[in-house]
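Working notes, beginning with the structure itself.
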Amino acid sequence: MFFHPEFCKDLIDKIGLWFCDDELVGIATYDHSLGEAFFATKLGFEELEKNILEYTLATFSDKNSLGIAVNDDDNNTIELLLSYGFITNSQTENILELTLDNLNLDFITPKDIELKNLNIKMTYINIMRYCGKDLTTKDLFLLMNLL
């Protein structure tokens, strides 16, 4: 997600990221606010799903419940959720996807603006280092959205 006006930015540091070496292999996040969540693992790392689900339950439940978005064809995740007492409902959501591979990102630079470095990731990391700060989960999430 690049941007959503209803996205609660106060919870960004709660997003869970699982890595194998330097590779992101799992994520647990909220949809817009507490009470709605999503989690996923990269193919080959399905053994993390139970751990990620438990993190999701502990972190993103609100005082009433937790709804987790699942693809209807993802039988493995559906079975896992059912084993934790989740029930299915008829709620649906349209998901739109835009791949950036063939997207034209050309733009006209405004007058008197000069671009010197478009490596957003390294610029952000260098700013954090200059400020003497370590990268946090929130920083990693922001970097993922910038790339």
Side-chain angles (χ1 to χ4, degrees), residues 1-105 107 110 113 115 117-147:
M1 176 183 339
F2 287 106
F3 171 77
H4 194 290
E6 296 174 15
F7 190 74
C8 179
K9 295 178 184 171
D10 296 338
L11 300 172
I12 287 177
D13 63 337
K14 303 282 187 204
I15 294 171
L17 302 173
W18 283 256
F19 290 89
C20 180
D21 298 320
D22 290 332
E23 181 180 12
L24 179 64
V25 296
I27 185 169
T29 185
Y30 56 101
D31 191 0
H32 293 101
S33 59
L34 290 178
E36 302 174 334
F38 169 80
F39 69 91
T41 59
K42 186 173 182 178
L43 289 176
F45 292 89
E46 293 83 1
E47 71 275 4
L48 294 173
E49 286 183 346
K50 185 176 178 182
N51 182 284
I52 293 174
L53 173 57
E54 290 175 4
Y55 176 86
T56 303
L57 286 166
T59 307
F60 301 120
S61 297
D62 67 9
K63 62 183 176 186
N64 299 314
S65 64
L66 177 65
I68 297 181
V70 180
N71 184 313
D72 291 338
D73 296 328
D74 187 351
N75 293 324
N76 185 46
T77 301
I78 291 171
E79 294 277 331
L80 177 63
L81 292 170
L82 290 172
S83 75
Y84 273 74
F86 281 82
I87 58 171
T88 58
N89 66 32
S90 60
Q91 187 175 358
T92 62
E93 184 174 338
N94 292 325
I95 305 295
L96 303 176
E97 178 181 348
L98 173 64
T99 59
L100 302 179
D101 297 337
N102 298 315
L103 185 65
N104 183 351
L105 297 174
F107 62 93
I113 301 292
L115 298 177
N117 183 354
L118 289 178
N119 188 335
I120 296 170
K121 178 181 176 184
M122 286 311 300
T123 300
Y124 187 80
I125 290 171
N126 287 332
I127 289 170
M128 294 299 290
R129 286 181 181 154
Y130 178 78
C131 295
K133 295 184 178 181
D134 293 326
L135 293 176
T136 65
T137 302
K138 181 177 179 179
D139 297 320
L140 291 171
F141 179 76
L142 290 171
L143 284 172
M144 286 173 39
N145 282 305
L146 292 173
L147 300 178

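The structure presented is a predicted model; accordingly, all values stated were derived computationally and were not measured. Side chains included, hydrogens not; waters and symmetry mates left out as well; all remaining heavy atoms used.
- Applying the salt bridge (Lys or Arg N to Asp or Glu O under 4.0 Å) rule to pairs touching residues 39-48 yields E23-K42, sequence neighbours excluded.
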What pairs of donor and acceptor atoms, side-chain ones from residues 62-71 against any protein atom, are under 3.5 angstrom apart with sequence neighbours left out?
| from | atom 1 | to | atom 2 | distance (Å) |
| --- | --- | --- | --- | --- |
| D62 | OD1 | N64 | N | 2.9 |
| D62 | OD1 | S65 | N | 2.7 |
| N71 | OD1 | D73 | N | 2.7 |

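- Within the model, atoms CD1 of I15 and OH of Y30 stand 5.0 Å from one another, a figure rounded to the nearest 0.5 Å.
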Should Y55 and W18 be marked as a side-chain contact (heavy atoms from CB on, under 4.5 Å) after you check the CA-CA gap, both sets of side-chain angles, and the distance that decides it? CA-CA 11 Å; Y55 176 86; W18 283 256; 3.7 Å; yes
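- Taking CG of D72 as the reference point, atom OG1 of T77 lies at 12.0 Å (rounded to 0.5 Å).
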Donor-acceptor contacts under 3.5 Å from residues 78-88 side chains, at least two apart:
| from | atom 1 | to | atom 2 | distance (Å) |
| --- | --- | --- | --- | --- |
| S83 | OG | L80 | O | 2.6 |
| Y84 | OH | E54 | OE2 | 2.6 |

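- Taking both residues in full, the closest heavy atoms of F39 and A28 are given as CB-CA, 4.1 Å, listed atom of the first, atom of the second, then distance.
- Atom CG of L24 is separated from atom CZ of F45 by 10.0 Å, given to the nearest 0.5 angstrom.
- Test T41, L48, L43 against V25 for side chain to side chain contact (heavy atoms under 4.5 Å, CB included) and you get one pass: L48.
- Here CD1 of I52 is found 9.5 Å from CG of L17. Values are rounded to the nearest 0.5 Å.
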